[in-house]
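Everything numeric here is computed off the predicted structure, so don't read it as measured data. Per chain, numbering begins at 1; letters A, B, ... match sequence-line order.
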There are 2 protein chains.
Amino acid sequence: MLHHSDQLDLMYQALADASRRAMVERLALGPASVSELAEPLDMSLSAVVQHLQVLEASGLVHSEKVGRVRTCRIEPQALDIAERWISQRRAIWERRFDRLGQILANQANEQDKESKS
Amino acid sequence: MLHHSDQLDLMYQALADASRRAMVERLALGPASVSELAEPLDMSLSAVVQHLQVLEASGLVHSEKVGRVRTCRIEPQALDIAERWISQRRAIWERRFDRLGQILANQANEQDKESKS
DNA sequence: TGAATGGTGAAGCATACGCTTAAGTATCCT
DNA sequence: AGGATACTTAAGCGTATGCTTCACCATTCA
């Protein structure tokens with residue numbers, strides 16, 4: 001079984017490469033074969049297959065071979081997991097920031113009262 | 001100057017490590033010193049500093065030294081950039097999915113008409 | 001002043017990554 | 001059958017990553 005943290009490792013690692021992101025961008029437009037994915041990339045087909053393996057291991061992409069062509073498609077729920085971690089951190093940070101704002105506002109209020117007394 | 005794509009490389013690379021994510025999670029709660037960041041992590045202080053450098057290079061974290069303690073804090077706008085790439089891919093994928101739904105609905109409609117003629 | 005604290009910098013090392021080339025397999029087409 | 005297409009697999013290679021240890025500073029405090 002895969003730990004949630006390992007899952008994130010694989011996913012962010014997969015996204016940390018411009019070629020792989022290009023492949024995901026292409027697949028966001030619709031399914032594609034391996035050679036179609038390779039076409040815009042300046043590297044051997046072998047290298048593309050290796051990138052594809054990284055994407056598949058991360059769960060971001062799934063592929064299936066029929067006849068001699070392998071068709072790849074994105075797994076959009078996997079993107080959710082990657083996105084969720086980020087948005088949760090941001091939410092925590094913003095909540096903290098709001099609290100901080102309140103504290104500062106209260107302090108200003110207190111000082112205001114004091115100056116009037 | 002830093003290309004947008006390199007920026008994403010650095011950011012996702014930075015997030016692709018559980019220790020570094022732990023550091024970001026800690027910093028989401030508020031600023032911390034290097035040793036505070038190191039405390040829950042099972043590695044040398046030196047290693048933590050190296051992780052910190054990766055986080056700083058990515059723009060996710062900023063730090064500043066006063067006296068002999070370095071205080072670190074997250075840079076929440078940097079998280080936005082990472083999040084945006086993902087949500088944009090998802091948006092494109094979903095738009096495509098909607099179109100596909102329409103096409104299938106239209107086809108079903110056509111077939112329906114034919115079967116009645 | 002001298003010890004403790006908090007961090008810095010460099011070197012070294014094992015493993016992982018991103019790529020290449022080269023040789024092979026399975027499928028499709030004529 | 002024979003050739004073209006679409007991968008697949010394995011080996012190799014240079015560089016990057018994630019640590020460690022050890023030798024340093026600076027600051028702070030007794």
Side-chain angles (χ1 to χ4, degrees), chain A residues 2-3 5-27 30-73 82, chain B residues 2-3 5-27 30-73 82:
Chain A
L2 206 54
H3 194 297
S5 168
D6 299 334
Q7 177 91 326
L8 283 172
D9 279 16
L10 292 173
M11 232 144 22
Y12 286 125
Q13 179 69 340
L15 293 177
D17 180 281
S19 306
R20 284 193 295 260
R21 282 198 306 277
M23 291 168 74
V24 172
E25 287 184 28
R26 169 61 190 78
L27 291 175
S33 72
V34 176
S35 355
E36 280 168 348
L37 286 179
E39 199 268 324
L41 301 174
D42 188 23
M43 63 180 71
S44 73
L45 187 70
S46 218
V48 172
V49 171
Q50 288 168 60
H51 280 307
L52 182 60
Q53 281 162 2
V54 173
L55 288 169
E56 292 214 59
S58 76
L60 285 166
V61 168
H62 178 251
S63 79
E64 183 176 17
K65 192 163 184 174
V66 57
R68 64 182 165 173
V69 6
R70 174 172 297 279
T71 302
C72 313
R73 52 193 83 238
Chain B
L2 205 57
H3 195 296
S5 169
D6 299 333
Q7 176 93 326
L8 283 172
D9 279 17
L10 292 173
M11 229 140 27
Y12 286 126
Q13 179 68 347
L15 293 177
D17 179 282
S19 305
R20 283 193 296 261
R21 282 197 307 277
M23 292 168 73
V24 172
E25 287 184 28
R26 169 62 190 77
L27 291 175
S33 72
V34 176
S35 354
E36 280 168 349
L37 285 179
E39 199 268 324
L41 301 174
D42 188 22
M43 63 181 71
S44 73
L45 186 70
S46 218
V48 173
V49 171
Q50 287 169 61
H51 280 306
L52 182 59
Q53 281 163 1
V54 173
L55 288 170
E56 291 214 58
S58 76
L60 286 166
V61 168
H62 177 252
S63 78
E64 183 176 17
K65 192 164 183 173
V66 57
R68 64 182 165 176
V69 6
R70 175 172 296 280
T71 302
C72 314
R73 52 193 83 238

>> Tell me the interatomic distance from Leu15(B), atom CG, to dG18(D), atom P, rounded to whole angstroms.
In response: 12 Å

> Less than 4.5 Å apart, any side-chain heavy atom of His51(A) and any of Leu41(A)?
Replying inline: no

> Of all of residues 49-56 of chain A, which get a heavy atom below 4.0 angstrom from DNA chain C, listed by number?
Replying inline: Gln50(A), His51(A)

> Restricting to pairs with a member in residues 52-62 of chain B, which pass side-chain hydrogen bond (donor to acceptor under 3.5 Å, both in side chains), not counting sequence neighbours?
Replying inline: Glu56(B)-Ser63(B)

> Residues two or more places apart in sequence or in another chain: which of them pass side-chain contact (heavy atoms from CB on, under 4.5 Å) with Ala32(A)?
Replying inline: Arg26(A), Leu27(A), Glu36(A), Leu37(A)

>> Which residues pass the side-chain contact (heavy atoms from CB on, under 4.5 Å) test with Glu39(B), not counting sequence neighbours?
In response: none

I'd like a table of atom pairs between the protein and nucleotides 24-30 of chain D - only N or O on both sides, under 3.5 Å - with the distance next to each one.
residue : atom : partner  : partner atom : Å
dT27(D) : O2   : Arg68(B) : NH1          : 2.9

>> Can you confirm whether Val61(A) sits close enough to Met23(A) that some side-chain heavy atom of one is under 4.5 Å from a side-chain heavy atom of the other?
In response: no

>> For a 4.5 angstrom cut-off between non-hydrogen side-chain atoms, does Leu15(B) reach Arg20(B)?
In response: no

> Which listed nucleotide (dG18(D), dC7(D), dT8(C)) is nearest to the side chain of Arg70(A)?
Replying inline: dC7(D)

> Can you name the residues that form a salt bridge (Lys or Arg N to Asp or Glu O under 4.0 Å) with Arg21(A), not counting sequence neighbours?
Replying inline: Asp9(B)

> Which of residues 36-47 of chain B sit near DNA chain D, with a heavy atom under 4.0 Å from it?
Replying inline: Met43(B), Ser44(B), Ser46(B), Ala47(B)

> Under 4.0 Å: is that the gap between some side-chain N or O of Ser35(A) and OP1 or OP2 of dT5(D)?
Replying inline: no

> dA16(D) P sits how many Å from Gln13(B) CD, rounded?
Replying inline: 12 Å

>> For Gln50(B), give me all partners under side-chain hydrogen bond (donor to acceptor under 3.5 Å, both in side chains), at least two apart in sequence or on another chain.
In response: none

> Quick one: side-chain contact (heavy atoms from CB on, under 4.5 Å) partners of Pro40(A), sequence neighbours excluded?
Replying inline: none

> Which whole-number value in Å describes the distance from Asp9(B) CG to dT15(D) P?
Replying inline: 19 Å

> To the nearest 0.5 Å, how far apart are CG in Leu55(A) and OG in Ser19(A)?
Replying inline: 10.0 Å

> Please give, in whole Å, the distance from dT5(C) C1' to Lys65(B) NZ?
Replying inline: 11 Å

> Can you name the side-chain contact (heavy atoms from CB on, under 4.5 Å) partners of Arg68(A), sequence neighbours left out?
Replying inline: none

